[in-house]
Undergrad: 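Let me give you the structure first, and then I'll get to my questions.
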Amino acid sequence: FFEARSQGGVDEPCDEGPSDTVIIDLTVDIDPTFGAAVTAGTYNEPNSQASDVSNYRDGRYAPSATEKINDEVQSCLESGNDCKSFSESDTLSQPGTYYTENMDDFADLNFNNDDDVFVVLNDTDGAGVEDPGDMVLEGDGNVTVYVKTDEGFKANGGEINSGGDPAQFRMYLTSGVKIRLGGNVEYTGVLYSRGSTFNDSGPGTISVTGAIVVGTFDIKGGGNAEFNFDPGVTSVEPDFDANTVKYLHVSENEVRVELG
């Protein structure tokens, strides 16, 4: 019943926890999806005065993007697809979808397009996306990045869409991975990964403008960190085809069993 109506599931059946108790993880709609600088299932206050979060939403469990990401990967793997290849430092000036299985290709890219561009990263080696460097967006087109990975995303320095429109750069990652920013890094856009852990790595200055949606937000405060919400990102509405719970009716029914 619950698996058919939500992206959650049975966390603890009756025979594993307290007597006569079942624990269900239910996913409900978040509206708007990007409605705060940080949206998380568990939000931990940064333990440094040098860290600032303009606003946040705690206790929000977002639908998973994993199925959508897998569909994008599968589409590029099918014969007759129109997915284009690219390499590090390329200028992606044609609209459409780009695909790679080499995470090193996703580095120092320039997007120069008035139409939308989609980038599909299939991390078959399990290396994760690391140090993408500088990402420059020119034109009015949106850039949407789908990342299939068991490892996660890590940026030690670099400028991603620096000075640009946060609503134009969107990154969606597989659920339950690690997301880490460190060094002097600037990220302007939205970032989404259900159940993932977002933290920092050592000293430096982290600047995020836009919005992030993760499972756990945990900034240790090794350096300066700023998370600034941009209201323009509320217009970004991802479509994951999620079966979310709209309402829940709960009733108690007594059942008598007569033996013999």
Side-chain angles (χ1 to χ4, degrees), residues 11 25 27 30 33-66 69 103-104 106-107 121 123 125-135 145-162 166 169-230 233 236 238:
D11 276 1
D25 170 24
T27 294
I30 296 178
T33 301
F34 300 105
V38 177
T39 298
T42 301
Y43 177 87
N44 296 317
E45 288 283 355
N47 58 3
S48 170
Q49 294 183 350
S51 298
D52 179 66
V53 179
S54 62
N55 64 333
Y56 67 90
R57 297 181 295 185
D58 191 12
R60 304 293 183 91
Y61 298 90
S64 173
T66 298
I69 295 169
M103 298 303 98
D104 290 338
F106 188 70
L121 308 180
D123 182 18
D125 293 333
V129 179
E130 187 168 348
D131 296 335
D134 297 335
M135 299 281 168
V145 183
Y146 295 107
V147 185
K148 181 178 181 179
T149 179
D150 293 328
E151 183 60 29
F153 173 74
K154 182 178 181 181
N156 288 310
E159 297 180 349
I160 298 175
N161 192 25
S162 177
F169 189 83
R170 305 102 178 258
M171 179 177 287
Y172 302 98
L173 293 97
T174 307
S175 299
V177 298
K178 298 177 182 178
I179 301 170
R180 179 172 293 182
L181 302 184
N184 296 320
V185 59
E186 181 177 351
Y187 184 98
T188 303
V190 300
L191 189 151
Y192 186 108
S193 182
R194 170 187 164 86
S196 294
T197 300
F198 185 104
N199 54 35
D200 54 351
S201 58
T205 299
I206 298 171
S207 176
V208 176
T209 301
I212 65 172
V213 178
V214 293
T216 300
F217 179 81
D218 191 18
I219 294 294
K220 299 300 184 183
N224 299 321
E226 292 185 353
F227 295 81
N228 298 306
F229 176 62
D230 187 306
V233 300
V236 180

Undergrad: Could you check whether the rings of Y172 and F34 sit parallel, tilted or perpendicular, using 30° and 60° as the cut-offs?
TA: tilted
Undergrad: Do we see a donor-acceptor contact under 3.5 Å between the side chains of T188 and T209?
TA: no
Undergrad: Just by distance, no angles: are the side chains of R57 and T39 close enough, under 3.5 Å, to form a donor-acceptor pair?
TA: yes
Undergrad: Please tell me whether S162 and E186 have a donor and an acceptor in their side chains that are separated by less than 3.5 angstrom.
TA: yes
Undergrad: Is it true that F217 and F227 have ring centroids separated by less than 6.0 Å?
TA: yes
Undergrad: Give me the one residue out of I179, I160, V213 that meets side chain to side chain contact (heavy atoms under 4.5 Å, CB included) with L191.
TA: I179
Undergrad: Can you tell me how far the OG1 atom of T149 sits from the CG atom of L121, to the nearest 0.5 Å?
TA: 9.0 Å
Undergrad: Could you tell me the separation between the CG atom of N228 and the CG atom of N55, rounded to the nearest 0.5 Å?
TA: 9.5 Å
Undergrad: May I ask you to test the F153-M103 pair for a side-chain heavy-atom distance under 4.5 Å?
TA: no
Undergrad: Can Y187 and M135 be said to form a side-chain contact (heavy atoms from CB on, under 4.5 Å), step by step?
TA: CA-CA 9 Å; Y187 184 98; M135 299 281 168; over 6 Å; no
Undergrad: Rounded to the nearest 0.5 Å, how far apart are CD1 of I206 and CZ of R180?
TA: 10.5 Å
Undergrad: How long is the gap from CG on D150 to CG on D125, to the nearest 0.5 Å?
TA: 11.5 Å
Undergrad: Side chains of T197 and T216: donor-acceptor distance under 3.5 Å anywhere?
TA: no
Undergrad: Salt bridge or not for D218 and K220, using N-O below 4.0 Å?
TA: yes
